[in-house]
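Let me begin by presenting the structure, written as structure tokens, before commenting on it.
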Amino acid sequence: MERKSYYLIVLLVAFVICMGVFWFQFNNDVPTFILINETEVAENASFSGMLSDAYGYGVANQTITFHKPGYEMGTLVDVVTDESGKFTIENAQYLPDAGSDNYYGEFTFAGNGKYQGCTYDGNVTVIHS
């Protein structure tokens, strides 16, 4: 076999290995994060957020769980991301008797076989209008 053919085969094998590693890394156990566009929202207003992967792409059709104002610990509400990874919470509730618990919090994505789970470390406070 000619020396040039040998180098071409070695380069082709290295390329296939690199592509396989990239494909595996891009499609398995990808880290995710949740972004929320507000820290405060007026009563009855809406706010939105996005579930993104480590590459900056939105993660579509995934369930985000969260607590609403005044809800007991352990009571979770779900919202599903759209095709671009965005989600919207409509008609933010303000509960006069909730006191300092008038916030939406603990936004969590549980993860799946392709994406790692994540939690948003922050709250969205509802302000009485």
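Predicted model only: the values in this text are computed from it and were never measured. Below, each value reflects all heavy atoms present in this structure, side chains not excepted, and no hydrogens, waters or symmetry copies.
Atom CZ of F107 and atom CZ of F87 lie 6.0 Å apart (nearest 0.5 Å). Taken to the nearest 0.5 Å, the NZ atom of K68 stands 12.0 Å off from the CG atom of N102. To the nearest 0.5 Å, atom SG of residue C118 and atom CZ of residue F109 are 7.0 Å apart. Going from atom OH of Y120 over to atom CG of L35 covers 8.0 Å, rounded to the nearest 0.5 Å. Taken from CG in D82 to OG1 in T88, the straight-line distance is 7.5 Å, to the nearest 0.5 Å.
Contact annotation: the side chain of I89 approaches that of V79 to within less than 4.5 Å [non-hydrogen atoms, C-beta and beyond]. A 4.5 Å side-chain heavy-atom check between T125 and T39 finds every atom pair outside the cut-off.
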* List the steps, then state whether side chain to side chain contact (heavy atoms under 4.5 Å, CB included) holds for T119 with I34. => CA-CA 7 Å; T119 299; I34 297 173; over 6 Å; no

* To do: List the steps, then state whether side chain to side chain contact (heavy atoms under 4.5 Å, CB included) holds for Y115 with L51.
  => CA-CA 11 Å; Y115 297 103; L51 176 64; over 6 Å; no

* To do: Could you give me the CA-CA distance, side-chain angles and deciding distance for E83 and N61, then say whether side chain to side chain contact (heavy atoms under 4.5 Å, CB included) is met?
  => CA-CA 6 Å; E83 63 278 348; N61 305 316; 5.6 Å; no

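By the side chain to side chain donor-acceptor pair (under 3.5 Å) test, N37 pairs with S48, sequence neighbours left out. Judged as a side chain to side chain donor-acceptor pair (under 3.5 Å), and not counting sequence neighbours, T63 has no contacts. Residues satisfying the side chain to side chain donor-acceptor pair (under 3.5 Å) criterion with E43, sequence neighbours excluded, are H128.
Here the closest non-hydrogen pair linking A92 and A42 is CB-O, 4.0 Å. Looking at every heavy atom in both residues, V126 comes nearest to P69 through CG2-CG, 4.0 Å. Nearest heavy-atom pair, G105 versus Y103, reported as atom, atom and distance to 0.1 Å: N-CD1, 3.9 Å. Taking every heavy atom of both residues into account, Q62 and N112 meet most closely at OE1-ND2, 3.1 Å. A pairwise comparison of heavy atoms in E106 and N123 identifies N-OD1, 4.2 Å as the closest pair.
Judged by distance alone, the side chain of S84 and the main-chain N or O of G58 form no donor-acceptor pair under 3.5 Å. Distance alone, capped at 3.5 Å, is enough to place a donor-acceptor pair between the D53 side chain and the Y55 backbone. A donor-acceptor distance shorter than 3.5 angstrom exists from the side chain of Y104 to the backbone of Q93, with no hydrogens or angles considered. Q116 places a side-chain N or O within donor-acceptor distance of the main-chain N or O of D29, the cut-off being under 3.5 Å.
Cluster annotation: I36 and Y57 are assigned to the same hydrophobic cluster (Ile/Leu/Val/Met/Phe/Trp/Tyr, side-chain heavy-atom contacts under 4.5 Å, transitive). Under the 4.5 Å side-chain heavy-atom criterion for grouping Ile, Leu, Val, Met, Phe, Trp and Tyr, V30 is connected to I64 within one hydrophobic cluster. Hydrophobic clustering (ILVMFWY, side-chain heavy atoms < 4.5 Å, transitive): V16 and V13 are in distinct clusters.
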